[in-house]
Amino acid sequence: MKLERLIGILSILLQQQKVTAPYLAEKFEVSRRTIQRDIEALCQAGIPLVTEPGTKGGVSIMEGYTIDRTLLSTSDMQAILAGLRSLDSVSGTNRYVQLMEKLSAGASNLLAGDAHILIDLSSWYKTSLAPKIECLHEAILSARKVSFLYYAPKGESVRIIEPYHIIFHWSNWYVWGWCELRADFRLFKLGRMVELKMDEPYTKRIVPEPDFSNERIFPAVYQVKAKIAPVYKWRLVEEYGLESFVEQPDGTLLFSFGFTDKRSVVGWIASFGEGAELLEPAELRKDVLAFAENIRKKYMQS
């Protein structure tokens, strides 16, 4: 949207003081002509932008000017603030709220309004998360490779990637980048990454958007049907939604869903203890039995 782009241009100018029109066009993926129209629109809104020609020229805000509060409404400012506060919840700083204060200079009452939306993107491992995000962010801006040790279900491996996007999805943080080991774009979970180090520079590639569809990330290899005790209805609703089960006449819940691998199926059924029974696939019932038997043996030995 144009308004969002105008806000973005102002944000960049406040942080970098002077930028070129080609830089803004590439940043917002629009034409230079569009950026020129945006600059004209900002000037018409009463924000004095100075354009200097030449190799050292660019676009900047007139020194000493504070942004007029009439550019954004109260609801606009509060919506932006909610998003910026969510970023501060990850970094543990007030960096983005301070940016908002610059955007709303002279209109501090807009920031003091009722906050009905509170977004906290931090995690249980917040202390280790913030440095990872900072490292990856710096690497993306400077086009530097990142090496790290990665812990995955199939084992540990040292990876070197060209990072392109930091993503918050499925209640977790990920980095999307070109993996040298796989010679393809991959999604890496930050919680599984340790010993991050910036490496040599890289030449940026054409980057495809990450595909977050269930078919791509969690392909349904096993179609599971299970009978779940009523006491766990809350869990099915929270994890898979109301449509994932049908309540039976005896009160039990007939659950249906697709799982990616056998280990996930067995572990998920076992997590209910005696409160779940796997019905399908029938061939995995013996795996659940073997899992339970191994636990029994382990505790019998102690």
Side-chain angles (χ1 to χ4, degrees), residues 123-133 135-136 139-140 144-200 202 205 207-226 235 238-240 244 255-273 276 278 280-299:
S123 66
W124 291 109
Y125 53 97
K126 181 176 181 178
T127 302
S128 61
L129 176 65
K132 293 178 185 178
I133 291 179
C135 176
L136 290 167
I140 292 171
R144 299 275 298 276
K145 296 180 182 180
V146 174
S147 65
F148 54 91
L149 178 61
Y150 195 64
Y151 291 85
K154 293 183 179 179
E156 305 167 17
S157 60
V158 175
R159 302 294 185 99
I160 300 176
I161 66 168
E162 301 170 4
Y164 289 97
H165 298 302
I166 301 172
I167 302 164
F168 184 79
H169 201 61
W170 304 305
S171 301
N172 281 291
W173 285 93
Y174 300 82
V175 59
W176 174 250
W178 174 269
C179 176
E180 290 190 353
L181 181 63
R182 303 303 183 195
D184 198 2
F185 284 93
R186 288 290 189 271
L187 200 63
F188 296 93
K189 197 171 186 177
L190 266 61
R192 297 176 181 172
M193 300 167 61
V194 299
E195 301 176 11
L196 278 71
K197 296 178 181 177
M198 277 201 290
D199 214 318
E200 61 185 3
Y202 65 87
R205 306 169 186 265
V207 185
E209 289 297 318
D211 183 357
F212 292 121
S213 64
N214 284 340
E215 294 77 12
R216 169 70 175 82
I217 306 298
F218 304 114
V221 177
Y222 294 97
Q223 291 297 329
V224 169
K225 284 191 177 180
R235 182 172 165 185
E238 178 181 331
E239 295 179 0
Y240 299 98
S244 67
F255 170 82
S256 301
F257 206 81
F259 283 72
T260 59
D261 56 73
K262 180 169 67 175
R263 179 183 296 180
S264 298
V265 176
V266 174
W268 187 77
I269 290 293
S271 69
F272 290 91
L278 179 66
E280 297 179 12
E283 65 269 21
L284 295 189
R285 287 173 61 91
K286 64 180 184 298
D287 293 285
V288 176
L289 177 61
F291 181 87
E293 184 63 22
N294 287 334
I295 293 178
R296 188 189 71 84
K297 290 179 180 178
K298 181 173 293 186
Y299 281 92

**OP:** Take Y151 and S157, measure what side-chain contact (heavy atoms from CB on, under 4.5 Å) needs, and give me the verdict at the end.
**Re:** CA-CA 7 Å; Y151 291 85; S157 60; over 6 Å; no
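- With a 4.5 Å cut-off on side-chain heavy atoms, S256 and V224 do not count as touching.
- Judged purely by atom type and a 3.5 angstrom limit, Y174 has no side-chain atom pairing as donor or acceptor with the backbone of H165.
- Two residues are said to be in side-chain contact when any heavy atoms from C-beta on lie closer than 4.5 Å; P153 and R192 meet this criterion.
- Contact check for C179 versus F188: side-chain heavy atoms found under the 4.5 Å cut-off.
- Between F259 and W268, the distance separating the two ring centers is shorter than 6.0 angstrom.
- The pair R159-E180 does not meet the salt-bridge criterion, since no charged nitrogen lies less than 4.0 angstrom from a carboxylate oxygen.
- Residues K189 and Y150 come closest through the heavy atom pair N-OH, 3.0 Å.
- The nearest pair of heavy atoms linking K225 to L278 is O-CD1, 3.7 Å.
- Proximity of I133 to V175: side-chain heavy atoms (C-beta onward) are nowhere separated by under 4.5 Å.
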**OP:** Evaluate the criterion side-chain contact (heavy atoms from CB on, under 4.5 Å) for residue pair F148 and V194; output intermediate values, then yes/no.
**Re:** CA-CA 6 Å; F148 54 91; V194 299; over 6 Å; no
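- Side-chain contact between I167 and L187 is present, with heavy atoms from C-beta onward closer than 4.5 Å.
- Residues L289 and F291 are not in side-chain contact: their nearest non-hydrogen atoms beyond the backbone lie 4.5 Å or more apart.
- No donor-acceptor distance shorter than 3.5 angstrom exists from the side chain of K197 to the backbone of S147, with no hydrogens or angles considered.
- Using a 4.0 Å cut-off between charged nitrogen and carboxylate oxygen, R144 and D199 do not count as a salt-bridge pair.
- Between the CG atom in L136 and the CG atom in L196 there is a gap of 5.5 Å [rounded to 0.5 Å].
- Using a cut-off of 4.0 Å between Lys/Arg side-chain N and Asp/Glu carboxylate O, R235 and E238 are scored as not salt-bridged.
- W176 does not carry R186 over the face of its six-membered ring by the limits of under 6.0 Å from the centre and within 45° of the normal.
- Other residues, nucleotides and ligands contribute at most 12 non-hydrogen atoms within 6.0 Å of the CZ atom of R263.
- Contact record, R205 with E162: NE-OE1, 2.8 Å, taken as the closest heavy-atom pair.
- If you check the side chains of Y202 and E200, you find no donor sitting under 3.5 Å from an acceptor.
- In this structure, V266 and D287 approach most closely via the heavy-atom pair CG2-CB, 3.8 Å.
- Heavy-atom minimum distance, I161 versus P163: O-CD, 3.4 Å.
- Taking both residues in full, the closest heavy atoms of K286 and E283 are given as NZ-O, 2.7 Å, listed atom of the first, atom of the second, then distance.
- The aromatic rings of F255 and F257 sit parallel to each other, their planes meeting at less than 30°, with 60° as the upper class boundary.
- Taking CD1 of I166 as the start and CD1 of I140 as the end, the distance is 4.0 Å to the nearest 0.5 Å.
- Once rounded to the nearest 0.5 Å, the distance linking CD1 of I295 with NZ of K297 reads 12.5 Å.
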